[in-house]
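All remarks here apply to the structure that follows.
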Amino acid sequence: MAEAPVEILLLRKMHPLVEKAFEGRYGVHRLSEAADPEALLAEIGPRIRALCAGGAVDGALMDRLPNLELIANFGVGYDAVDAVGAQRRGIVVTNTPDVLTDEVADLALGLTLATLRRIPQADRYLREGHWPKAPFPLTASLRGRRVGILGLGRIGRAIALRLESFGVAIDYHGRSRQADVPYTYHDTLIGLAHAVHILIVVAPGGPDTRNLVDAAVLEALGPEGILINVARGTLVDEAALTAALKAGTILGAGLDVFENEPHVPADLAALDNTVLLPHVGSASEHTRAAMAQLVVDNVVSWFEGRGPLTPVAETPWRPTA
């Protein structure tokens with residue numbers, strides 16, 4: 001008698017590479033396609049051993065899956081997954097680091113330049129026929145500016161490396177000073193904001209960093225300041241940012257992430273001193289395929305007994321002797 005296949009649950013529609021890799025290898029269930037998700041969970045919950053996620057996974061869901069061993073998160077950020085709760089339940093959580101680092105760093109630099117030089121606004125100016133009437137107004141420049149990075153992790157370092165080629169001074173703030181970088185460290189975010197002209201946010205999301213960039217930080221950044229956020233929308237107090245942009249407290253903002261995605265406040269979207277993107281930092285075909293492959297590799301490695309490839313810090317894994 002053939003052994004029953006391992007059963008896994010996909011919370012939402014996944015990248016085609018994931019779908020194709022799992023078909024025929026595991027018993028695959030798709031919660032987002034179920035006519036009655038609650039009934040599906042009641043039926044299959046005890047049989048599910050792995051969960052593929054790209055969104056919220058809380059303790060209540062984990063409790064519906066009593067034999068869950070692995071949560072494979074599609075994305076480097078996993079603040080929507082209760083990793084501490086997973087650790088208490090003996091569940092390993094994985095994410096997809098490194099494979100998206102360069103793509104997000106590239107986007108951060110592009111967003112910075114687009115915001116400073118008002119590239120989307122200049123494009124609209126031309127398309128709307130204003131150029132024959134008058135040249136586009138002069139813009140701010142990267143020249144002579146200091147750039148601050150909030151969160152000097154993998155992506156923060158990749159951004160800093162790219163910034164070096166522009167000849168700008170680089171400062172940073174994080175939980176601790178990093179001895180192996182030449183950049184100026186500030187032990188407070190307010191101190192960093194006071195020192196720089198451009199603040200790039202790449203710190204992790206979650207309750208500990210919610211509204212970390214608040215009205216006081218924006219005030220410290222000042223009227224020539226530019227805020228760039230490619231991390232999580234929750235790191236920035238969106239109401240305070242909108243008020244600062246309206247009042248001229250800061251010069252502009254480039255945002256790839258928002259507090260309540262995909263919804264963006266109308267008063268923020270209406271501002272002309274912003275460049276707003278629909279969370280596309282890692283959204284290239286190349287990088288999303290690499291992320292999908294890492295999700296697959298984590299699941300396959302786990303069920304082949306080799307352990308997870310990229311467990312998160314809250315659920316470290318060591319092979320048993």
Side-chain angles (χ1 to χ4, degrees), residues 103-150 159-160 162-171 189-190 192-202 213-231 233 235-259 261-281 283:
E103 207 73 78
V104 176
D106 289 349
L107 190 282
L109 262 292
L111 185 55
T112 300
L113 291 172
T115 306
L116 269 172
R117 297 300 309 276
R118 295 175 56 80
I119 293 173
Q121 292 88 337
D123 177 84
R124 290 196 297 271
Y125 188 88
L126 181 150
R127 292 176 189 274
E128 292 169 0
H130 300 302
W131 191 14
K133 305 168 189 175
F136 186 73
L138 300 180
T139 69
S141 171
L142 192 58
R143 308 280 70 75
R145 287 176 176 254
R146 297 188 74 90
V147 181
I149 299 176
L150 171 57
I159 292 170
R162 285 156 173 76
L163 285 168
E164 287 182 21
S165 67
F166 286 89
V168 297
I170 302 168
D171 298 33
L189 177 53
I190 286 284
L192 176 66
H194 270 298
V196 301
H197 307 93
I198 301 168
L199 178 61
I200 302 178
V201 180
V202 279
V213 179
D214 58 13
V217 171
L218 296 169
E219 183 74 31
L221 189 56
E224 295 300 314
I226 296 284
L227 177 73
I228 305 295
N229 188 4
V230 293
L235 276 92
V236 176
D237 183 334
E238 215 162 71
L241 174 61
T242 302
L245 288 163
K246 286 180 177 179
T249 303
I250 65 171
L251 183 64
L255 309 174
D256 186 43
V257 289
F258 302 89
E259 185 175 4
E261 297 178 3
H263 306 289
V264 179
D267 54 349
L268 178 58
L271 295 173
D272 189 53
N273 54 345
T274 61
V275 177
L276 308 179
L277 304 179
H279 202 154
V280 294

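The figures here come from the full heavy-atom set of this structure, side chains too, leaving out hydrogens, waters and symmetry mates. The structure displayed is predicted, hence computed values, not measured ones.
What you find for Ile149 and Leu192 is that their closest heavy atoms are O-CD2, 3.8 Å. Residue Arg117 comes nearest to Ala140 through the heavy atom pair CD-O, 3.2 Å, listed as atom of the first residue, atom of the second, then distance. What you find for His197 and Gly144 is that their closest heavy atoms are CE1-O, 3.8 Å. Contact record, Ala114 with Pro120: O-CD, 3.7 Å, taken as the closest heavy-atom pair. Between Ala108 and Ile159, the closest heavy-atom pair is CB-CD1, 3.6 Å. Leu111 and Leu277 get closest at one heavy-atom pair: CD1-CD1, 3.9 Å.
The side-chain heavy atoms of Leu142 and Ile198, taken from C-beta on, include a pair separated by under 4.5 Å. When side chains are defined from C-beta on, Val196 does not count as touching Val147, because their heavy atoms never get closer than 4.5 Å. Put simply, the side chain of Val236 does not reach to within 4.5 Å of the side chain of Leu255, judged on heavy atoms. Side-chain contact between Phe166 and Thr112 is absent, with no heavy-atom pair separated by less than 4.5 Å. Using a 4.5 Å cut-off on side-chain heavy atoms (C-beta onward), Val275 and Gln121 make contact. Within the 4.5 Å cutoff, the side chain of Ile250 has heavy atoms near those of the Leu241 side chain.
Here Ile226 contributes atom CD1 and Thr115 contributes atom OG1; the two are 6.0 Å apart, rounded to the nearest 0.5 Å. To the nearest 0.5 angstrom, Arg146 atom CZ is 4.0 Å from Asp171 atom CG. Between the CG atom in Leu116 and the CD1 atom in Ile228 there is a gap of 7.0 Å [rounded to 0.5 Å]. In this structure, Asn229 CG and Glu238 CD are separated by 9.5 Å, a value rounded to the nearest 0.5 Å. For the atom pair CG of Leu271 and CG of Leu276, the computed distance is 8.0 Å after rounding to the nearest 0.5 Å.
With sequence neighbours excluded, no residue forms a salt bridge (charged side-chain N to carboxylate O under 4.0 Å, His left out) with Glu219. Taking the side-chain contact (heavy atoms from CB on, under 4.5 Å) definition, one finds that Ala216 meets it with Ile190, Asp214, sequence neighbours left out. With sequence neighbours left out, Tyr125 forms a ring-ring contact (aromatic ring centres under 6.0 Å, His included) with His130, Phe136. Among residues two or more places apart in sequence or in another chain, the salt bridge (charged side-chain N to carboxylate O under 4.0 Å, His left out) test is passed with Glu224 by Arg145.
Listed by first then second residue, pairs satisfying salt bridge (Lys or Arg N to Asp or Glu O under 4.0 Å) with a partner in residues 126-142 read Asp123-Arg127, not counting sequence neighbours. Among residues at least two apart or in separate chains, salt bridge (Lys or Arg N to Asp or Glu O under 4.0 Å) pairs with a member in residues 261-273 are Arg118-Asp272, Arg124-Asp272, Lys246-Asp267.
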(request) Quick one: do Val217 and Leu199 satisfy side chain to side chain contact (heavy atoms under 4.5 Å, CB included)? Show the steps, please. (result) CA-CA 10 Å; Val217 171; Leu199 178 61; 4.0 Å; yes
(request) Starting from the C-alpha separation in whole Å, work towards a yes-or-no answer on side chain to side chain contact (heavy atoms under 4.5 Å, CB included) for Asn273 and Leu251. (result) CA-CA 7 Å; Asn273 54 345; Leu251 183 64; over 6 Å; no
(request) Tell me, with the steps shown, if Val202 and Val230 meet side chain to side chain contact (heavy atoms under 4.5 Å, CB included). (result) CA-CA 6 Å; Val202 279; Val230 293; 3.3 Å; yes
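Formation of a donor-acceptor pair under 3.5 Å by the Ser141 side chain with backbone atoms of Arg143 is found in this model. Although no hydrogens or angles enter the test, the distance criterion places a donor-acceptor pair under 3.5 Å between the side chain of Asp256 and the main chain of His279.
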